[in-house]
K.L.:
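First the structure, then my questions, so here it is.
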Protein chains: 2
Amino acid sequence: MAEQSEQQSEQSEVSIWLRPARSGRGPAPAFDRDRLAEAGVALADAQGLAAVTMRAVAQSLGSAPASLYRYVATRDELVELMTDRVNAEISYAGLGAGDWLDDLLVLAREARAVCLRHPWLLDVFASSAPVGPRTLAYLDRCLACLDELPLGGKDKLEAIAVLQSLVASLARAELAKQLDATEPPPWRRARDEYLRHAAATGEYPHLTTVLKDAGPAGSKSADELFDRIVTRALRGLLLAR
Amino acid sequence: MAEQSEQQSEQSEVSIWLRPARSGRGPAPAFDRDRLAEAGVALADAQGLAAVTMRAVAQSLGSAPASLYRYVATRDELVELMTDRVNAEISYAGLGAGDWLDDLLVLAREARAVCLRHPWLLDVFASSAPVGPRTLAYLDRCLACLDELPLGGKDKLEAIAVLQSLVASLARAELAKQLDATEPPPWRRARDEYLRHAAATGEYPHLTTVLKDAGPAGSKSADELFDRIVTRALRGLLLAR
DNA sequence: CTGGTTCTGCGATCGCTGTTCGCAGTATTG
DNA sequence: CAATACTGCGAACAGCGATCGCAGAACCAG
């Protein structure tokens with residue numbers, strides 16, 4: 001009696017968080033969504049987001065590619081599950097020790113830690129902004145920090161978005177730095193070779209002198225200058241729109 | 001006499017900017033690298049970076065996919081050409097009107113404008129950092145701004161990198177905002193529906209109240225608060241590493 | 001216990017991607 | 001005039017996400 005075609009075609013446009021995992025009938029599934037996410041996270045942690053293919057995940061679960069589509073409608077949904085899953089690592093224990101800005105900063109540092117543990121997250125955020133229950137829990141905590149501020153709802157959301165993208169940017173910078181320490185991305189050699197060649201031509205005088213300067217980085221005054229530059233830049237760029 | 005196999009396998013690991021475009025012999029090529037980049041940019045501007053497939057670019061040039069590999073070793077190299085090409089839009093006319101920070105800001109705004117004109121650039125920067133001659137010219141100008149500052153070479157480069165990622169973040173925010181005004185990405189409907197549902201459950205109280213608040217965004221005090229939050233966050237995050 | 005229903009796992013396959021190989025043809029060189 | 005070194009490109013390959021339909025397992029109503 002029930003016409004399943006209608007139901008299915010409609011479900012495919014509904015968020016996975018609103019779709020029931022199963023509905024009682026039939027054989028018991030071999031795993032669940034969270035097991036899927038776990039396998040995906042393991043693969044992404046080890047070999048990057050690109051290694052999370054339906055075939056690879058299926059194999060790591062001892063299953064077949066087509067089977068995964070019983071749990072997930074698309075690969076993007078799998079990434080959504082993965083993203084929400086790692087949000088479970090966020091601890092809310094350090095809150096309440098200072099004012100609202102301190103709390104906001106504690107939350108930002110937690111987010112930063114998650115990004116450092118799972119670098120593929122930055123790739124995810126680059127092309128989408130998945131939202132699951134645990135993401136909402138984090139977002140809710142952030143909003144709580146801004147509770148008493150004289151800001152409209154949209155402004156609060158935007159403030160958190162800007163802060164979040166700042167967290168991502170700095171996490172990316174940190175990861176890039178500790179990636180420099182390791183060996184052999186093959187295309188980096190090529191880029192560095194071109195850079196050295198360009199510096200040698202003298203067409204880019206400032207670049208040439210800067211590359212020669214092999215002095216150590218990071219000083220007290222450097223951090224202060226960063227603040228100056230970024231604050232001023234932020235103001236100038238916000239004003240420009 | 002010449003053993004081409006050696007040459008080719010070695011060339012494939014050399015930056016495209018160090019590889020000669022052609023070497024005199026044989027028939028004249030049907031186009032050049034820049035024509036390739038132009039076609040790629042046109043496609044990316046119109047339909048996003050994902051639309052820049054070797055087949056699509058070839059077709060828009062009235063050519064065949066395999067032919068492109070006479071000009072470019074991989075698709076990534078094509079993206080590299082595209083990225084460098086749009087850097088030609090940067091104008092250095094507004095420089096010299098103020099102090100070094102003013103100049104740096106003028107450059108940042110130029111970069112922001114390029115990102116807004118070619119949103120796919122943000123996708124490129126998310127997964128790599130292509131460097132071509134025009135990119136180096138821009139970088140050199142930025143370094144010139146920092147010339148008289150008591151900073152090490154590495155610090156100067158890092159300062160510019162942070163600034164650049166800030167530009168990208170804000171550009172992304174702007175693009176997201178003007179994307180909200182347009183119609184229906186199909187997966188956004190699904191996400192918003194879940195968001196409304198989550199707000200209705202009462203599990204995320206602050207989110208619920210914030211979503212109810214439909215008041216207009218953007219005020220003088222909001223921009224000032226942004227500054228406070230972001231500056232403080234930057235300091236806290238830089239200190240944490 | 002039985003028959004129908006509803007689900008599951010999955011082999012086979014589709015359309016798409018980036019990329020490679022080798023061949024036919026053409027311009028330059030000695 | 002040959003030899004050479006290039007060009008464009010048809011055909012093909014491997015890998016990707018995703019779909020279809022079927023065999024079989026679990027549940028429920030009677």
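Chain A is the first sequence line, chain B the second, and so forth, proteins listed ahead of strands; every chain is numbered from 1. Since the model is a prediction, treat every value here as computed from it, not as a measurement.
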K.L.:
What residues in residues 35-54 of chain B put a non-hydrogen atom under 4.0 Å from any atom of DNA chain C?
P.N.:
B:V52, B:T53, B:M54
K.L.:
Once you round it to whole Å, what is the distance between C1' of C:dT17 and CD of B:Q59?
P.N.:
15 Å
K.L.:
Nearest heavy atom decides the nucleotide; on that basis, is A:S63 or B:R75 closer to the 5' end of DNA chain C?
P.N.:
A:S63
K.L.:
Find the distance A:L68:CG to C:dC10:P and express it as a whole number of Å.
P.N.:
10 Å
K.L.:
Apply salt bridge (Lys or Arg N to Asp or Glu O under 4.0 Å) to A:R117 and list each qualifying residue two or more places apart in sequence or on a separate chain.
P.N.:
A:E89
K.L.:
Starting at atom CG of B:D76, determine the distance to atom P of C:dG18, rounded to an integer number of angstrom.
P.N.:
10 Å
K.L.:
Rounded to whole Å, how long is the line connecting atom CG of B:L78 with atom P of C:dT17?
P.N.:
14 Å
K.L.:
If you assign A:Y69 and B:G62 each to the DNA chain D nucleotide with the nearest heavy atom, which residue ends up on the more 5' nucleotide?
P.N.:
B:G62
K.L.:
Whole angstroms only, please: what is the CZ-P distance between B:R19 and D:dC6?
P.N.:
14 Å
K.L.:
Not counting sequence neighbours, list each pair that qualifies as a ring pair (Phe, Tyr, Trp, His ring centres under 6.0 Å) and has a residue in residues 32-67 of chain B.
P.N.:
none
K.L.:
Using the test ring pair (Phe, Tyr, Trp, His ring centres under 6.0 Å), find all partners of B:F31 that sit at least two apart in sequence or belong to another chain.
P.N.:
B:Y71
K.L.:
Might you work through the salt bridge (Lys or Arg N to Asp or Glu O under 4.0 Å) test for A:E38 and A:R33, ending with a clear yes or no?
P.N.:
CA-CA 9 Å; A:E38 182 189 349; A:R33 287 174 180 170; over 6 Å; no
K.L.:
Can you list every salt bridge (charged side-chain N to carboxylate O under 4.0 Å, His left out) pair that touches residues 118-143 of chain B, not counting sequence neighbours?
P.N.:
B:D84-B:R134
K.L.:
Any side-chain heavy atom of A:L18 within less than 4.5 Å of one from A:V14?
P.N.:
yes
K.L.:
OP1 or OP2 of C:dG18 sitting under 4.0 Å from any side-chain N/O of B:T74?
P.N.:
no
K.L.:
Can you tell me if the side-chain N/O atoms of B:Y71 get under 4.0 Å from OP1 or OP2 in D:dG8?
P.N.:
yes
K.L.:
Table please: side-chain donor-acceptor pairs of residues 43-50 of chain A below 3.5 Å, with sequence neighbours left out.
P.N.:
from: A:D45; atom 1: OD1; to: A:H118; atom 2: ND1; distance (Å): 2.7
from: A:D45; atom 1: OD1; to: A:W120; atom 2: NE1; distance (Å): 2.7
from: A:D45; atom 1: OD2; to: A:H118; atom 2: ND1; distance (Å): 3.1

K.L.:
Please confirm whether any donor atom in the side chain of A:R55 sits under 3.5 Å from an acceptor in the base of D:dG15, or the reverse.
P.N.:
no
K.L.:
Are any protein N/O atoms closer than 3.5 Å to N/O atoms in nucleotides 21-30 of chain C? If there are, list each pair with its distance.
P.N.:
none

K.L.:
Could you work out which one of C:dC10, D:dA12, D:dC9 sits closest to the side chain of A:S67?
P.N.:
C:dC10
K.L.:
What residue pairs, at least two apart or across chains, pass ring pair (Phe, Tyr, Trp, His ring centres under 6.0 Å) with a residue in residues 40-70 of chain A?
P.N.:
none
K.L.:
Please list, one pair per line, the donor and acceptor atoms closer than 3.5 Å that link side chains of residues 193-205 of chain A to other protein atoms, with sequence neighbours excluded.
P.N.:
from: A:T201; atom 1: OG1; to: A:A198; atom 2: O; distance (Å): 2.6
from: A:T201; atom 1: OG1; to: A:E203; atom 2: N; distance (Å): 3.2
from: A:Y204; atom 1: OH; to: B:P133; atom 2: O; distance (Å): 3.2

